[in-house]
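On a predicted model such as this, the values are computed, not experimentally measured, just so you know. All chains are named by letter (A, B, ...) in the order of the sequence lines, taking the proteins before the strands, and each is independently numbered beginning at 1.
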Amino acid sequence: MDNLFSELETEAAEGELAGLPRAFRGLAAGDAPPRHTVAVEYDERAYLEAYEDVSISLDVGEFKTAREHFEFHGRREGRLTEEKYIRALQVAPAAKLAGDNAAISIDAVFCCRSGTMLIVGWTDDRDSPLQSLLIFAGGDCGWNTTAIGRVRRTDVEAAVQATAGHLFGFWSVVKMGNDLPANAAWVVRGRRLDGRFGQREVRAQLMSEADLRTTILGHFAGTEYYGNRDIEGFLALEAGIGTGLVDLNRRITSSVVSGAWVSYYGPTRKSYLGSVIVCLFGKPEFLFIQSALFSFGARAQEYEYIYVSNSPELTEALTKEARICSRIYGISIVLVCLPDNAGFGAANNAAARYARSKRLLITNPDVFPRNNDWAERHAAIVEGAPAEQTLMFGSPLYYDDGSLMHHGMYFEIDAGISVRPDGIYARPMIRTEHYAKGAPAWSRQFVCPRPVPAITGAFIASDRGWFEKLGGFNEDFLFGHYEDADLSLKSLVRGRPVWIQDFPLWHMEGKGSTRRAAHEGGILVNRWLFSRQWGELIADELCGSDPSCAALHMEKSGSSGVVRAAE
Amino acid sequence: MPRNSALQTKPSKPEPLRVLLVSLFHPELVRGGAQQICYELFEELKQQPGVVPTLLASIDGSYPNLFKSGACITGFDGREDEFLFLMQDYDYWWHKTSSPRMIDAFVEFLHTVRPDVVHFHHFFTFGVDLLTLTRNELPNARIVLTFHEFMSICAADGQMVRKTDRSLCTRASGVRCHQCFPDRSPEQFLMRRLWMQRHLAAVDAFTCPSRFMLPFYEEWGLGPEQLYHITNGQRRYGTLQPPSAGAKKRFGFFGQLLDNKGVHILLRAVGLLRAQGFTDFVVEINGENIRWASPAVREEVESFLAAERELPPKEQIVVLNGGYHIDDLASRMGRIDWCVVPSTWWEIFGLVISEAWMFGKPVICSNRGGPGERVKHEVDGLQFQLGDPRSLAETIRRAATEEGLWERLRANLPEPPSRPDMAREFLALYRRERVVSNAIKMLPEVVQ
């Protein structure tokens with residue numbers, strides 16, 4: 001999996017977009033992750049190979065082992081950071097050392113205590129491309145990485161009076177060791193393909209993991225390229241930054257979710273018809289708006305309402321509102337407040353753990369019932385429809401103007417254009433699309449129950465056991481987007497496609513939360529992750545609004561189909 | 001016969017009708033039509049046998065010393081049946097309080113008073129969600145809501161005047177409201193509408209002081225069977241004044257000096273007449289609070305009045321008398337022949353019209369909204385085109401010069417609606433059998 005699109009490049013260059021499916025074959029989940037970054041640690045073989053004086057010391061009996069020499073002299077002398085030692089470790093190209101004459105500039109270095117680091121800089125490597133970065137954090141601690149993303153730097157282009165085409169900028173996300181000495185001077189060394197290198201002494205700015213994630217994604221969202229931003233961003237992620245980001249996100253998510261603060265309001269029932277789960281971010285008012293609108297109508301009090309907040313700053317306001325709403329509307333409310341933003345998937349998973357019913361109604365804060373009988377209607381669907389149609393289902397969503405917002409999702413494959421000095425390439429990206437976007441409300445063909453490739457996270461009604469069996473939302477996804485399609489496909493590959501049921505809802509899309517630059521970066525990472533995870537299956541069976549996938553058609557005819565598992 | 005037969009045979013005294021009147025502000029603290037009418041009703045209900053009214057009036061931060069530490073509801077000035085709701089943490093967009101303590105205090109108050117009827121004279125400053133709360137806490141109580149403007153429908157202070165061109169608005173919609181509030185999306189107005197309608201669904205009966213309001217609310221989604229017209233009644237604090245001698249050329253404006261009250265339209269009409277060489281009339285401005293007018297209108301009014309003061313006394317037409325109290329009305333009305341109501345908005349009712357009638361003054365008013373409904377053109381008053389100073393100028397000139405016009409119109413002046421009549425209608429509504437209505441039409445159902 002060295003190059004995400006290595007196979008496609010050849011075919012696309014020949015203008016054969018029909019070759020798209022093969023492009024994803026290198027992306028299938030389950031492959032061993034590539035090692036883009038290695039720790040520069042003490043290695044006896046390399047130490048002896050690099051330092052002839054050590055061999056002599058051993059020969060004359062000054063030290064019994066090379067390790068003894070390192071502990072006595074080498075650590076203090078910083079021998080692990082010497083270029084010849086690095087070369088002996090074989091993490092650098094086997095080319096002749098040409099000296100420190102390859103200019104490199106480091107604009108910023110951010111790191112967190114757990115050792116993830118963001119490096120942003122530029123280099124004029126038009127004659128020999130940048131191959132790796134070495135980061136020395138102290139005398140005996142270093143890492144070498146090839147996880148480098150390249151970006152356009154118009155300021156550099158102007159300064160060096162370069163013609164357009166070359167990407168001077170670079171950035172990297174590196175996972176190093178814990179508790180690095182951030183107050184000490186570090187060295188970042190950039191190595192070229194021809195063996196030359198340049199280095200800069202830097203001071204890392206220490207920040208929390210969550211802040212670092214925000215900084216990284218905000219930077220990523222603002223990067224510029226010559227070609228399609230998304231596809232060029234994919235290349236950076238595939239170079240190794242993506243896995244680094246996902247690792248960082250998982251650590252954050254795990255920590256955030258473990259710090260959940262849970263409080264209960266209102267009456268408690270012996271059992272509930274369902275658990276309405278709403279993930280809040282940035283806008284507390286949606287707690288009381290949703291409580292007001294969902295609590296209206298028959299049997300609405302038989303549901304519980306679980307609000308999970310990704311905005312810790314709203315905790316006090318939300319506790320007040322939850323108390324008020326439980327009193328005014330007589331509903332059971334569970335408030336799960338997280339100490340940071342765990343993202344949509346992880347927050348909903350966390351909330352689901354507090355559910356006290358067998359049905360989960362995962363709902364965006366800006367989704368509201370279209371009709372007052374929603375509670376009865378949901379119960380009737382669950383009780384009346386065949387079980388396989390209600391394991392997991394979505395609903396027709398409506399814009400505020402009354403037209404259909406959509407009625408389920410399907411997938412398309414975009415050919416993103418990548419512009420490189422040596423040529424222009426088309427590269428594939430998965431795109432989610434929506435059935436019936438903007439269709440008139442009377443478009444009956446879109447609202448009748450039917451299986452669809454995917455449903456939106458704006459509303460997912462699921463059997464709780466099935467949701468748990470699928471492992472809930474994939475928490476690799478950052479903040480939000482694509483985890484809903486991922487969940488849908490997890491259900492599909494287990495032989496149970498998701499359905500759309502006649503359960504109309506309003507959706508004030510994008511109004512229920514605040515979106516920042518980091519979220520845009522997260523969406524891009526998620527698109528890459530989703531393409532990587534499901535690209536092959538989608539290319540083979542699920543591309544287009546009327547995909548060939550047998551399970552979808554089998555379900556329509558009343559029997560279950562089999563889908564080749566992508567996992 | 002059982003031993004307690006005496007008790008059994010004694011006719012039981014009927015339970016009094018307990019009415020809780022929820023008032024936007026207390027009229028003795030903050031002046032305004034809604035609170036004045038609510039208080040009139042409160043006073044009248046106290047005179048009715050078998051009726052026990054209680055008043056709960058809100059107050060904002062304009063009287064900080066009335067906010068007692070730790071209290072959400074307090075008494076008012078030693079009166080046993082009047083209370084103040086000390087509004088806190090009020091959200092002016094969603095119209096709700098974010099204070100759980102206020103909610104708890106209101107609930108406790110409801111259970112203490114145990115009203116049979118809760119009559120909201122507005123939800124503003126209390127929170128529209130208190131309607132739902134009241135329904136849940138007192139499931140058998142009758143809930144009545146009197147609309148004093150269109151705040152449920154219109155986010156622009158309920159005025160239904162378009163912010164884009166100050167024209168009258170006839171219906172709310174996502175896009176139209178977004179045009180008035182460009183920083184808010186159409187979706188936010190749908191949410192606002194759903195929010196409002198959800199809470200108004202707790203109400204048994206809605207009343208409007210003018211008939212023209214009913215179709216607005218009906219079109220917006222309220223059931224026509226729940227909508228009632230009950231006019232605003234007042235105690236009679238004025239008597240017919242004798243006509244002045246000679247031509248009836250004294251005109252008076254009474255009200256706040258705000259954009260919607262249209263004092264600037266009146267001044268523009270004066271300017272037009274002066275330009276035409278017609279100056280044999282006077283205009284007396286009675287009102288205050290110019291500081292709350294828009295900068296443009298404030299500048300226009302203040303410039304006009306400053307220029308007027310610079311003129312020789314004989315050339316002055318307009319006089320600013322400043323604010324007034326009800327007790328001042330007799331003398332202020334005594335100095336005019338015509339009462340001009342040049343409102344540029346719907347002007348829901350126009351209490352000043354009733355006051356003018358009390359003193360025997362025909363009204364010249366805009367031809368829309370409450371004034372347009374109440375004043376019969378050429379019968380008991382004159383109407384002019386709303387917002388049109390030329391139309392008003394022509395009307396003033398005619399009123400000042402047409403012989404016999406004033407006398408003809410004055411002879412037809414109606415009796416201003418009385419307070420007992422208003423109370424009688426509300427009591428009938430309170431006692432009407434409660435119909436559990438599902439009349440609120442949330443937005444049209446999805447076509448199935």
With the threshold set at 4.0 Å, does a side-chain nitrogen-carboxylate oxygen contact exist between [X] and [Y]?
X         : Y         : value
Lys163(B) : Asp157(B) : no
Arg299(A) : Asp373(A) : no
Glu285(A) : Lys96(B)  : no

Under a 4.5 Å cutoff for heavy-atom pairs, which residue among Leu130(B), Thr97(B), Asn136(B) has the most contacts with chain A? Asn136(B)
Between Thr134(B), Leu133(B), Val175(B), Asp129(B), which has the largest tally of heavy atom pairs under 4.5 Å with chain A?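 Counting heavy-atom pairs under 4.5 Å, the top option is Leu133(B).
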Mind telling me whether Tyr217(B) and Phe147(B) have parallel, tilted or perpendicular rings, with 30° and 60° as the class edges?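 Correct class here is parallel.
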For a quick test of your reading: what N or O donor-acceptor pairs under 3.5 Å do the side chains of residues 53-64 of chain B make, sequence neighbours left out?
| residue | atom | partner | partner atom | Å |
| --- | --- | --- | --- | --- |
| Ser58(B) | OG | Phe25(B) | N | 2.9 |
| Ser58(B) | OG | Thr125(B) | OG1 | 2.7 |
| Asp60(B) | OD1 | Ser62(B) | N | 3.0 |
| Asp60(B) | OD1 | Ser62(B) | OG | 2.6 |
| Tyr63(B) | OH | Leu29(B) | O | 3.0 |

Please identify each residue that fulfils side-chain contact (heavy atoms from CB on, under 4.5 Å) with Arg323(A), with sequence neighbours left out.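 Once residues adjacent in sequence are excluded, the partners of Arg323(A) under the side-chain contact (heavy atoms from CB on, under 4.5 Å) criterion are Tyr265(A), Pro100(B), Asp104(B).
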List in chain and number order the residues that pass side-chain contact (heavy atoms from CB on, under 4.5 Å) with Ala380(A), two or more places apart in sequence or in another chain; answer none if no residue qualifies.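 Ala380(A) satisfies side-chain contact (heavy atoms from CB on, under 4.5 Å) with no residue once adjacent residues are dropped.
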Given heavy-atom pairs under 4.5 angstrom as the criterion, report whether the side chain, backbone, both or neither of [X] touches chain A.
X         : result
Gln188(B) : neither
Ser98(B)  : both
Trp195(B) : both

Looking at Phe294(A) versus Tyr329(A), is the centre-to-centre ring distance below 6.0 Å?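 No.
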Toward chain B, the part of Thr319(A) with a non-hydrogen atom under 4.5 Å: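 Thr319(A) has no heavy atom closer than 4.5 Å to chain B.
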Closest non-hydrogen atom pair between Gln501(A) and Ala385(A), with its separation: NE2-CB, 4.4 Å
Taking only heavy atoms into account, what residues of residues 330-338 of chain A are found under 4.5 Å from chain B?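 Within residues 330-338 of chain A, near chain B: nothing under 4.5 Å.
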Out of Pro284(A), Ala317(A), Ser295(A), return the one with the most heavy atom pairs under 4.5 angstrom to chain B.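 Heavy-atom pair counts peak at Ser295(A).
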